[in-house]
Structure formats: C-alpha cells, structure tokens
Amino acid sequence: MLVYPSGVDVSSSALRFLTQQLRRHRRTIGSRWRRLSADRQALLTLAHLRVGHTYAQLAAGFGVGTTTAYRYVTEAVELLAALAPSLADAVRTVSTKAYLILDGTLLPIDRIAADRPFYSGKHKKHGMSVQVIAFPFGRLLWASPALPGAVHDVRAAREHGIVDSLAEAEITCWADKDYRGAGGTVRIPYWGRRETLSAGQKAVNRSHAKIRALVEQAVATLKSWRFLPKPRCSTARITSLVQAVLTLHLTSSE
C-alpha cells in the first residue's frame, strides 16, 4: 500500500484534549510501552473518525498492524464516549435558553432486507436513528444513543427521556411533524394539508420552519465526521462513536 502525507481538518484543541485523556488512561492502567505515543494514537483516532480511513489504511500510514490500529481506535473512542454529557447535563447547561431545537437523523448502514428493525420507512433505507438537540442558533448541544432505524422519532424522543426532561425543566422545544403527539413542551407545526390550513396557520408554520431549519447545522456538524454518514462497523458500536464525536465537538468548541 502506498503512503503519502495528508491532513485532518480538526482543531488542535481536540488533538490536545484526546492526547491528555490517553496519557491519563495509560498511567491509570500502568501501560509502560506502546507502538505509538499518546499523541500519535490520538491523531490516528481523529483520522479514522474525521476522514473515515479504514484500519488497513491507518495501519500503513502509522506503521502498525491492522489489529493494533483497531485496538487503539476502540480504546480512544471508549474514553471519549464515557466523557459525553448526559441529557440531564445538557438540559442543565441550557436552563436559561428560551428554547431548543430537536430533530432526528438516520445513519445509513449496510443491512439486508430481512433486517426489518433497522429499516426506516421514512428514509427508505437501513440505518440507526439518532436524536439531535441544538441551541437556538444551530450549534450541536447533545446527541442521543443510536436506536434501530425503524424506531419513529417521537418514540425515540420518549425512550431517551427527552420529552420529560425538557418539560420538567420548562424548556420549549421546536420540532417537525414527526414528533406529533409528543406533548410536554415540544412544539410542532399545524397538522394537515396545506390547502386546509388558514392563512394564520400557514404563517405560523412558515415561522416555525425558519426556526427549526437551524437544526440542520447541528446535524451537518455531526455528519462532518466522515466515518458517521455510513459507519462500517457493528451496530453495537455506533452509540460509542456518536458519543465520542459529540465529546470532541464540544471540547473543540469551548
């Protein structure tokens, strides 16, 4: 395999943060020698998450075995995922905000037609569903654990406790029609065919759409880590990957 210099469009603060976590972890477990230093392991992990390089490509570029590359990435991802904020942490952070924006996104996966739990009827493809909460200006605040794609957004919001947590904190949340029936403080557009809505209802829906559209920035932020738009791994690992990316994003945004 040919090897050439390349770049990773990630802030240096994210690299420093992950390096510090890896060094602390190595001291904790008493690891005295590794094929790669903590900063090189951090760079390898960021290249995998941000650029989507395979383990074989990483192994060739960093001069280690494929198994070693996999082990290093897995170790770093688990460390980052453990540091991701919980929903309660996120709600406390924004207790003074006027409102938040909620949306669901699908991470496509390779599955056969028989894997019905992973098939999203809305998106017409197999995947894992992730709920995303954004600040009013569109910045990513929190991302949920991944659920099979067949789980509807409103059901996912209930299972993750989003509806109850926001209602308890009395924080208004703007969402689309997929959250119909959520209740609590979740606000959705008026339901019905456009021709059956009054002029006032149409105006409200237009205003609602302008507010809610900013959540796409948060979704795009999540998917800019190019391993996530179509992860090539076990579905059991996708939650850890999403939480790891969330931690890196929040760290580099501070």
Side-chain angles (χ1 to χ4, degrees), residues 49 77-95 97 99-109 111 117-123 125-136 138-169 171-188 212 214-225 227-231 233-251 253:
L49 295 176
V77 166
E78 290 177 352
L79 284 175
L80 290 171
L83 298 173
S86 65
L87 178 59
D89 294 333
V91 170
R92 281 194 296 270
T93 300
V94 296
S95 58
K97 298 295 182 181
Y99 65 90
L100 297 174
I101 315 173
L102 172 65
D103 198 10
T105 187
L106 188 78
L107 303 179
I109 58 175
R111 284 295 184 273
F118 299 99
Y119 184 77
S120 169
K122 174 183 176 181
H123 298 277
K125 62 180 67 174
H126 293 81
M128 297 292 286
S129 173
V130 175
Q131 299 296 300
V132 174
I133 297 179
F135 286 99
R139 178 187 163 195
L140 177 63
L141 168 65
W142 181 78
S144 74
L147 292 175
V151 178
H152 196 272
D153 282 340
V154 68
R155 176 185 163 191
R158 290 195 182 109
E159 288 193 15
H160 293 309
I162 297 173
V163 177
D164 291 339
S165 295
L166 295 178
E168 183 178 347
I171 300 176
T172 302
C173 176
W174 298 81
D176 61 21
K177 294 179 181 179
D178 289 338
Y179 295 88
R180 184 186 183 191
T185 57
V186 177
R187 301 291 179 261
I188 65 170
R212 200 194 63 78
L214 291 174
V215 76
E216 297 302 330
Q217 296 180 18
V219 174
T221 296
L222 194 64
K223 292 188 175 181
S224 66
W225 296 80
F227 182 81
L228 283 180
K230 194 167 185 179
C233 65
S234 166
T235 55
R237 294 188 59 219
I238 293 180
T239 290
S240 294
L241 290 166
V242 171
Q243 299 299 302
V245 166
L246 176 63
T247 298
L248 287 171
H249 168 71
L250 295 178
T251 300
S253 300

Enquirer: Please indicate whether K177 has more than 12 foreign heavy atoms, meaning atoms of other residues, nucleotides or ligands, lying under 6.0 Å from its NZ.
Expert: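 Count over threshold, so yes.
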
Enquirer: With sequence neighbours left out, write down each residue that passes side chain to side chain donor-acceptor pair (under 3.5 Å) with H160, or none if nothing qualifies.
Expert: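 For H160, the residues satisfying side chain to side chain donor-acceptor pair (under 3.5 Å) (neighbours in sequence not counted) are S144.
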
Enquirer: Apply salt bridge (charged side-chain N to carboxylate O under 4.0 Å, His left out) to R212 and list each qualifying residue two or more places apart in sequence or on a separate chain.
Expert: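 Counting only residues at least two positions away or on another chain, R212 forms a salt bridge (charged side-chain N to carboxylate O under 4.0 Å, His left out) with D103, D176.
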
Enquirer: List for me each residue that meets salt bridge (charged side-chain N to carboxylate O under 4.0 Å, His left out) alongside R237, sequence neighbours excluded, and say none if there are none.
Expert: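 Partners of R237 under the salt bridge (charged side-chain N to carboxylate O under 4.0 Å, His left out) test: none.
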
Enquirer: Roughly how far, to the nearest 0.5 Å, is the CG atom of L166 from the OH atom of Y99?
Expert: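 If we round to the nearest 0.5 Å, Y99:OH and L166:CG are 14.5 Å apart.
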
Enquirer: Which residues pass the side chain to side chain donor-acceptor pair (under 3.5 Å) test with T221, sequence neighbours left out?
Expert: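 Once residues adjacent in sequence are excluded, T221 has no partner under the side chain to side chain donor-acceptor pair (under 3.5 Å) criterion.
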
Enquirer: I'd like to know whether NZ of K125 has more than 12 heavy-atom contacts from other residues, nucleotides or ligands below 6.0 angstrom.
Expert: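 For K125, atom NZ is not crowded (no more than 12 foreign heavy atoms under 6.0 Å).
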
Enquirer: Find the distance between CD1 (I238) and CD1 (I109) and round it off to the nearest 0.5 Å.
Expert: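 Taking CD1 in I238 and CD1 in I109, the distance rounds to 5.5 Å.
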
Enquirer: Work out which heavy atom in P231 is nearest to a heavy atom in P108; give both atom names and the distance.
Expert: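 Nearest pair, atom of P231 first, then P108: CD-O, 3.4 Å.
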
Enquirer: Just do the side-chain contact (heavy atoms from CB on, under 4.5 Å) check on F135 and V94 with the steps written out, would you?
Expert: CA-CA 8 Å; F135 286 99; V94 296; 3.2 Å; yes

Enquirer: Mind checking side chain to side chain donor-acceptor pair (under 3.5 Å) for S224 and listing every partner two or more places apart, or none if nothing turns up?
Expert: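 Here the qualifying residues are R50.
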
Enquirer: Compare every heavy atom of L241 with every heavy atom of C233, then report the nearest pair and how far apart it is.
Expert: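 Result for this residue pair: SG-CD1, 3.6 Å.
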
Enquirer: Taking only residues two or more places apart in sequence or in another chain, which ones pass side-chain contact (heavy atoms from CB on, under 4.5 Å) with L87?
Expert: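 Listed in chain order: V91, I133, W142, I162, S165.
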
Enquirer: Could I get the full list of salt bridge (charged side-chain N to carboxylate O under 4.0 Å, His left out) partners for R155, not counting sequence neighbours?
Expert: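 Result, salt bridge (charged side-chain N to carboxylate O under 4.0 Å, His left out) vs R155: E159.
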
Enquirer: For S86, enumerate each residue passing the side chain to side chain donor-acceptor pair (under 3.5 Å) test, keeping only those at least two apart in sequence or located in another chain.
Expert: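 So S86 forms a side chain to side chain donor-acceptor pair (under 3.5 Å) with D89.
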
Enquirer: State, to 0.1 Å, how close L222 and L228 come at their nearest heavy-atom pair, and which atoms those are.
Expert: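 That would be O-CD1, 3.6 Å.
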
Enquirer: Out of curiosity, T93 OG1 to L250 CG, how far, rounded to the nearest 0.5 Å?
Expert: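 Reported to 0.5 Å precision, the distance equals 9.0 Å.
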
Enquirer: Looking at D153 and S129, what are the two nearest heavy atoms and their distance?
Expert: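 Nearest pair, atom of D153 first, then S129: OD1-OG, 4.0 Å.
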
Enquirer: Donor-acceptor pairs are to be reported for all side-chain atoms of residues 180-187 against protein atoms at under 3.5 Å, with residues two or more places apart or in another chain.
Expert:
from, atom 1, to, atom 2, distance (Å)
T185, OG1, I171, O, 2.6
R187, NH1, G184, O, 3.3

Enquirer: List for me each residue that meets side-chain contact (heavy atoms from CB on, under 4.5 Å) alongside K223, sequence neighbours excluded, and say none if there are none.
Expert: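 Expected list: T105, L107, V219, P229.
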
Enquirer: Can I get a per-line list of side-chain donor-acceptor pairs under 3.5 Å for residues 78-85, giving both atom names and the distance, sequence neighbours left out?
Expert:
none

Enquirer: Hey, could you give me the SG/CD1 distance between C173 and I188, rounded to the nearest 0.5 Å?
Expert: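 Spacing of SG (C173) from CD1 (I188) equals 11.5 Å.
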
Enquirer: Which heavy atom in Q243 sits nearest to a heavy atom in A143, and how many Å separate them?
Expert: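 Heavy atoms only, the tightest pair is NE2-O, 3.0 Å.
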
Enquirer: Which heavy atom of R139 sits nearest a heavy atom of A218, and at what distance?
Expert: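 Scanning both residues, the minimum pair turns out to be C-CB, 4.3 Å.
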
Enquirer: Rounded to the nearest 0.5 Å, how far apart are CG of L106 and CG of L147?
Expert: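 The CG atom of L106 sits 11.5 Å away from the CG atom of L147.
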
Enquirer: Test side-chain contact (heavy atoms from CB on, under 4.5 Å) on L248 and L49 and set out the steps.
Expert: CA-CA 10 Å; L248 287 171; L49 295 176; 4.0 Å; yes

Enquirer: Hey, is D164 close enough to R158 for a salt bridge, meaning N to O under 4.0 Å?
Expert: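 No, no charged N to carboxylate O under 4.0 Å.
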
Enquirer: May I ask you to test the T235-F118 pair for a side-chain heavy-atom distance under 4.5 Å?
Expert: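 Answer yes - side chains close enough.
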
Enquirer: What's the separation between atom CD1 in I101 and atom CG in L141, rounded to the nearest 0.5 Å?
Expert: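 Nearest 0.5 Å value for the CD1-CG distance: 11.0 Å.
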
